[in-house]
Colleague: 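Here it is, the structure in full.
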Amino acid sequence: MATENHAPGLATFGQNDDFWLFGYGSLIWKPPPHFDKRVPGYIEGYVRRFWQASEDHRGTPEAPGRVVTLIDRAHWETLTDHHEPTERVWGAAYHIPREKVAEVREYLDIREINGYSIQFTPFIPSSAPSTPIQTLVYIGLPSNPQFLGPQDPDELAAHILKSRGPSGENREYLFQLEEALRGLGEGARDEHVRDLVERCRGIEAKEGRKEVEGDVVGERLKKVGSTEEQEEVEK
Ligand code: BEZ
């Protein structure tokens, strides 16, 4: 089922200790503070794409990077895209205990600045019981100024490779997303993400940058533990 934006429900969401947040981007590998449960799984009715400009984390206002957003499947069908959609958008849902909801909401709302809005959608846990859970999710809607729409994959890969912002290299975001999705299980593969990684590797190989599989990402993951993990939230 696609997104429903119940803004009126927002004030009460989580009051029954049922505040769940769905992460499909950096939240998969950079969890929110204070969560007490993390559940891998998926949502349906959306397509994940690197179609959101990032001026605050993986780019700058002068040279925006590219981060993921979700596109409602019905809207996606009206667009011309280079990649086939996946039926499910895999990610992780985080439960936030009632007493921490206000603090976590405040922390997360910073993410809205660069064009993301709050929506609600059912999430299906990958392991039993797979009862749907209502989750809050941040989506850069097509109406937000940072939404770019369909991108040529070669140009997109090249753009990602040359972009960086306060949270680090755009390339690192893409590679970490792919790695985090692999960590969720075989079914969690996202062809759009995988294809962009492959194109980036192809460009780097052509440019003569030597990379033993995993080495560069591995190095960068070590860095995350020190400063980047403490940085402000990002998409
Ligand atoms: C995420 O799922 O990681 C996310 C996406 C957009 C805004 C904030 C977080």
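As the structure is a computational prediction, the values presented were derived from the model and not from experiment. In listed order, ligands and their atoms are each counted from 1.
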Colleague: Determine whether the side chain, the backbone, both or neither of Tyr138 has a heavy atom under 4.0 Å from any heavy atom of ligand 1.
Modeller: both
Colleague: Is Gly25 close to ligand 1, meaning an N/O of one under 3.5 Å from an N/O of the other?
Modeller: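 Yes, at least one N or O pair falls under 3.5 Å.
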Colleague: Tyr138 pairs by side-chain contact (heavy atoms from CB on, under 4.5 Å) with which of Thr69, Leu70, Leu21?
Modeller: Leu21
Colleague: List ligand 1 atoms under 4.0 Å from Ser26, heavy atoms only on the residue side.
Modeller: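 With Ser26 as reference, the close atoms of ligand 1 come out as 3 (O).
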Colleague: Are the side chains of Pro40 and Ser126 in contact, using a 4.5 Å heavy-atom criterion?
Modeller: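 Yes. Closest side-chain heavy atoms under 4.5 Å.
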Colleague: Would you verify whether the NZ or CZ of Arg171 falls within 45 degrees of the ring axis of Phe175 while also being under 6.0 Å from that six-membered ring's centre?
Modeller: yes
Colleague: Show which atoms of ligand 1 fall inside a sub-4.0 Å distance from at least one heavy-atom site of Gly23.
Modeller: 2 (O)
Colleague: Going by the rule ring pair (Phe, Tyr, Trp, His ring centres under 6.0 Å), which residues pair with Phe123 if we only count those two or more places apart in sequence or in a different chain?
Modeller: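 Partners of Phe123 under the ring pair (Phe, Tyr, Trp, His ring centres under 6.0 Å) test: Phe22.
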Colleague: Describe, in one word, how the ring planes of Phe35 and Tyr94 are oriented to each other, choosing from parallel (under 30°), tilted (30 to 60°) and perpendicular (over 60°).
Modeller: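 The arrangement is perpendicular - the two ring planes meet at more than 60°.
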Colleague: Could you tell me which atoms of ligand 1, counted from 1 in the order shown, lie closer than 4.0 angstrom to a heavy atom of Tyr24?
Modeller: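 Reading through ligand 1 atom by atom, the close ones are 1 (C), 2 (O), 5 (C), 6 (C).
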